[in-house]
Amino acid sequence: MSTLEVHGLTCAYGRTEVLHGLDFAVPDGRIVCLIGANGAGKTTTLRALSGQIRPRAGRILLDGAEIAGMAPHRIVARGMVQVPEGRQVFASLSVDENLALGAWLCADAHERARRREAALSRFPRLRERLRQPAGALSGGEQQMLAIGRALMAGPKLLLLDEPSMGLAPLVVEEIFAILAGLRREGITILLIEQNASAALEIADTAYVIETGRIALSGSAAEVARNPAVVAAYLGG
Amino acid sequence: MLAQQLLNGLLLGATYALFALGFTLMFGVLRVVNLTYGFYFTAGAFLALWLTQAGAPLFLALPAAAIASGLIATLLDWLLLTRLRRAGADELASLMVTLGAVLALYAGMTAWLGPDIRRLPPGLIAAGALEAFGLRITLAQILILAACALLVGLLLWLMRGTRLGLAIRAMAERPDTAALMGIATARLAALVSFVSGALAGAGGVLIGLNFNAIHPYMGESMMLRGFVVIVVGGLGNIFGALVAGLLLGIIEVLTAGYISSGLKEAVAFALLVLVLWTRPAGLFGTTLARKA
Ligand SMILES: Nc1ncnc2c1ncn2[C@@H]1O[C@H](COP(=O)(O)OP(=O)(O)OP(=O)(O)O)[C@@H](O)[C@H]1O
Ligand SMILES: [Mg+2]
């Protein structure tokens, strides 16, 4: 059970404001996707949601509680977990250690072992590479590790920043199938993508962000039919 | 007598390694060149001096001085560097701030206590020595070796054998991502400051014991060696610091014994230059490779 509501989110780096009052919502049990071009402010949005930057203005409500400006580790403790842009695995640490870090806040060793088993059966390829440094994995494997690591936290709401970036189409398909599966298991998902066609296929709701503003929103099917979206993001 | 020299060198090297381990931890994890580090060494030596003068036995004075040095390190790190970290300042800024701070600390301490060399209370350790196979090792030396081995063992266990150590290694590699794992990075950084300050403090007590000479600037000459050890060992590399520390101790003692004691520092630094010439990332370094 997890719902995210964002009202008037405004963020700046120094004096440059890059988000100018975003409003969007991620209802419980849904996949919401946020699409936008390079530099539109997608990563900045996620960084604000995760507490990595302090918003200049606006409200971020997780299950009704204000979390804007809270430290990242407290937000993770509330069940909202980010899979960051570019995977950001701990390259020098082993695959197993990366997974263990995801469950840092879980004090119960049995529960950690159970989550690890669940992650490894979801991503069997990681099991074969448990002892290898994460930096030795392929891009697709690293993305699986990054998602597996986030799942180790036992999230209610998952934030993903361009999980398809730099991956071959087949791998992208595999990853998006896993996201759809997570949703069926009750995990709410906010998905950020430039690969709009893949994202719109699995999402319920979509928002299009342009230079720090929501330019368009609606059901994923509506947004996918919008001529402007087709022209700009779907290669129509 | 080569074997005896090697033994003495190993002993000195063990203390160097201990000191450098804390330094390389601070460097590798907190990513800041904190020059106040040498001050914790001085602080540890003086705290042990005062405690033993007040009648405390050494087995209490050593841990108490180490813990107090760790607390001082945490406090100074917080006072001096929190603002810089928050502002995302570069390494030069932390270098200058901690350089200014440490010079002020040494000078203040000298003004307060005078520059004289102080001695630990006589009879602190029984004067006996063990002799076997023509080697002589004093009780003080045995204590130093045991304390170094224990502390190094504890540190390795912390870093390699615990979840906390895993979190520290993760934070060293990617502090921002570590926070996304739910790690309270500011609190963990304070813990790392404490551990490294405590190692420096313990090193100060042990060197004070080895040479029985304690004075405000003792941390400064140690810092030069600390730099040699962590640079040769590879920045942030615990195993490298251990080996390089032992090597430096042995080289210094051999130089003093067979060439001239006035040359021991010259040889140590010539070696530093030589190593960096041939291996810019240090003997065991991967840092440069990782950055590339
Ligand atoms: N650390 C930073 N300091 C200053 N400006 C930044 C910083 N990070 C991002 N920006 C600027 O903020 C704007 C939004 O960047 P952001 O990374 O959020 O975009 P994005 O939508 O994630 O882009 P991409 O698709 O390339 O990942 C861009 O103009 C970028 O140049
Ligand atoms: Mg981005």
Side-chain angles (χ1 to χ4, degrees), chain A residues 13-14 43 46-47 49-54 70-94 96-109 112 133-135 142 145-155 158-161, chain B residues 24-25 27-29 31 78 82-83 85-90 156-192 234-240 281-282 284-292:
Chain A
Y13 294 107
T43 298
L46 275 207
R47 290 172 58 78
L49 295 183
S50 285
Q52 295 176 293
I53 53 173
R54 184 179 286 272
M70 216 179 247
H73 65 275
R74 296 195 191 285
I75 293 174
V76 174
R78 285 169 174 259
M80 185 159 81
V81 178
Q82 186 189 152
V83 181
E85 181 171 36
R87 350 232 185 264
Q88 298 187 15
V89 297
F90 299 100
S92 73
L93 304 182
S94 73
D96 214 3
E97 287 174 323
N98 270 271
L99 290 174
L101 282 161
W104 170 252
L105 288 176
C106 174
D108 176 358
R112 290 201 301 268
Q142 288 192 12
L145 178 57
I147 295 174
R149 185 178 66 178
L151 292 176
M152 290 292 289
L158 212 50
L159 308 171
L160 296 117
D161 196 343
Chain B
T24 209
L25 190 65
F27 223 136
V29 178
R31 297 185 190 203
W78 177 74
T82 311
R83 283 176 56 87
R85 266 199 284 268
R86 201 170 288 158
D90 61 2
L156 289 178
W157 169 75
L158 170 72
M159 294 301 287
R160 293 279 152 190
T162 69
R163 275 192 357 119
L164 201 58
L166 178 60
I168 293 173
R169 285 184 285 141
M171 188 169 78
E173 189 173 321
R174 291 180 172 274
D176 292 348
T177 313
L180 289 181
M181 304 294 106
I183 295 168
T185 46
R187 222 178 305 155
L188 195 59
L191 179 81
V192 170
L235 295 183
N237 185 328
I238 288 183
F239 174 73
F284 306 94
T286 49
T287 326
L288 292 182
R290 211 192 296 155
K291 270 182 197 155

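Just so it is clear, the values below take in all heavy atoms, side chains as well, and ignore hydrogens, waters and symmetry mates. The structure presented is a predicted model; accordingly, all values stated were derived computationally and were not measured.
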> What are the two closest heavy atoms between L93(A) and E173(B), and how far apart are they?
Replying inline: N-OE1, 4.1 Å
> Nearest heavy-atom pair of G182(B) and L105(A): which atoms, and what distance?
Replying inline: O-CD2, 3.4 Å
> How far apart are the closest heavy atoms of A100(A) and L166(B), and which atoms are they?
Replying inline: CB-CD2, 3.8 Å
> Rounded to the nearest 0.5 Å, what separation is found between the CG atom of L180(B) and the CZ atom of R47(A)?
Replying inline: 8.5 Å
> Does any heavy atom of chain B fall under 4.5 Å from the side chain of Q52(A), the backbone, both, or neither of them?
Replying inline: side chain
> If you look at every heavy atom in M181(B) and W104(A), which pair is closest and at what distance?
Replying inline: O-CB, 3.6 Å
>> Looking at every heavy atom in both A167(B) and L101(A), which two are closest together, and how far apart are they?
In response: CA-CD2, 3.9 Å
>> What part of R78(A) gets within 4.5 angstrom of chain B, counting heavy atoms only: side chain, backbone, both, or neither?
In response: neither
> With only heavy atoms counted, which part of A103(A) is less than 4.5 Å from chain B, the side chain, the backbone, both or neither?
Replying inline: backbone
> So what's closer than 4.5 Å to chain B heavy atoms on V89(A): side chain, backbone, both or neither?
Replying inline: backbone
> With chain B, which of E97(A), M152(A), R149(A), Q88(A) has the greatest number of heavy-atom pairs at distances under 4.5 Å?
Replying inline: Q88(A)
>> With rounding to the nearest 0.5 angstrom, report the CZ to NE2 distance, R187(B) to H73(A).
In response: 5.0 Å
